[in-house]
Amino acid sequence: NAGVTQTPKFRVLKTGQSMTLLCAQDMNHEYMYWYRQDPGMGLRLIHYSVGEGTTAKGEVPDGYNVSRLKKQNFLLGLESAAPSQTSVYFCASTISRVYGYTFGSGTRLTVV
Amino acid sequence: EDQVTQSPEALRLQEGESSSLNCSYTVSGLRGLFWYRQDPGKGPEFLFTLYSAGEEKEKERLKATLTKKESFLHITAPKPEDSATYLCAVTSSDNTGKLIFGQGTTLQVKP
């Protein structure tokens with residue numbers, strides 16, 4: 001089925017470890033986004049991309065890096081994980097700025 | 001600054017008891033207002049897009065309406081399977097396609 005696939009679905013990290021979250025979409029969408037969702041905070045934008053090879057900072061970018069080397073993939077990296085990065089991470093994509101997003105099923109990350 | 005506020009935070013209804021969820025927004029030049037449904041442990045699922053004041057969209061027991069300052073999600077004769085968190089979002093005014101989300105309304109429908 002066409003859509004947005006996130007891997008992994010769950011992960012536990014120790015403070016200071018690094019990891020990469022992968023987002024893959026097969027809908028030929030130009031725009032891709034990484035959000036985090038925390039209780040009481042709603043969905044907050046971390047980084048986004050408006051096309052292959054481009055990235056930009058969102059609302060809460062500190063401690064994260066991203067890459068969009070291929071149009072279908074958007075990677076989110078945590079360089080040195082901190083407990084404050086414990087969250088559920090969602091990737092989303094859209095074909096146009098005025099259309100709604102298609103979301104992935106999320107990655108639940110716990111940093112201990 | 002672009003902003004979205006949803007109310008109430010939580011809503012409990014009896015099966016068949018109709019009600020409305022509110023989404024107030026502040027954005028310079030609305031490009032789109034979106035409603036999503038999110039079930040526990042899952043990603044948000046797209047429901048509706050509204051683009052201009054006066055527009056209405058319907059899907060089963062849900063109807064979304066839009067004015068210049070707010071949107072309503074009307075739920076008619078809800079069923080327990082309508083229980084979920086409903087998210088409202090607007091396209092940001094900076095022309096990047098970013099969505100600004102409200103914090104959501106968690107709906108519980110009891111049989």
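So that the names make sense, note that chain A is the first sequence line, chain B the second, and so on, each numbered from 1.
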Under the side-chain contact (heavy atoms from CB on, under 4.5 Å) test, residues paired with B:E60 that sit two or more places apart: none
Contacts with chain A made by residues 36-49 of chain B (heavy-atom distance under 4.5 Å), listed by residue number: B:Y36, B:Q38, B:G41, B:K42, B:G43, B:P44, B:F46, B:T49
hydrophobic_cluster_shared for A:L13 and A:L76, side chain cutoff 4.5 Å: yes
For A:Y99, side-chain contact (heavy atoms from CB on, under 4.5 Å) partners two or more places apart: A:T94, A:I95, A:S96, B:Y51
Cluster check A:F103, A:L109: I/L/V/M/F/W/Y, side chain < 4.5 angstrom: no
Contacts of residues 47-61 of chain A with chain B (heavy atom under 4.5 Å): A:Y48, A:V50
Greatest number of heavy atom pairs closer than 4.5 Å to chain B - which of A:G106, A:C91, A:G40: A:G40
Heavy atoms of other groups near B:R61 CZ, more than 12 under 6.0 Å: yes
Heavy atoms from other residues, nucleotides or ligands near CD of B:E9 exceed 12 (cutoff 6.0 Å): no
Interatomic distance, A:Y101 atom OH to B:T91 atom OG1 [nearest 0.5 angstrom]: 7.5 Å
Cluster check B:Y86, B:L50: I/L/V/M/F/W/Y, side chain < 4.5 angstrom: yes
ILVMFWY network linking B:F34 to B:L87, side-chain heavy atoms under 4.5 angstrom: yes
Heavy atoms from other residues, nucleotides or ligands near CZ of B:R31 exceed 12 (cutoff 6.0 Å): yes
Distance flag, aromatic centroids of A:Y35 and B:F101, threshold under 6.0 Å: yes
Neighbour count above 12 (heavy atom, 6.0 Å) for B:E1 CD: no
Joint hydrophobic cluster, B:V4 plus B:W35, side-chain heavy atoms closer than 4.5 Å: yes
B:Q103 side chain vs A:G42 backbone, donor-acceptor pair below 3.5 Å: no
Per-residue contact mode, A:L43 against chain B (heavy atom under 4.5 angstrom): both
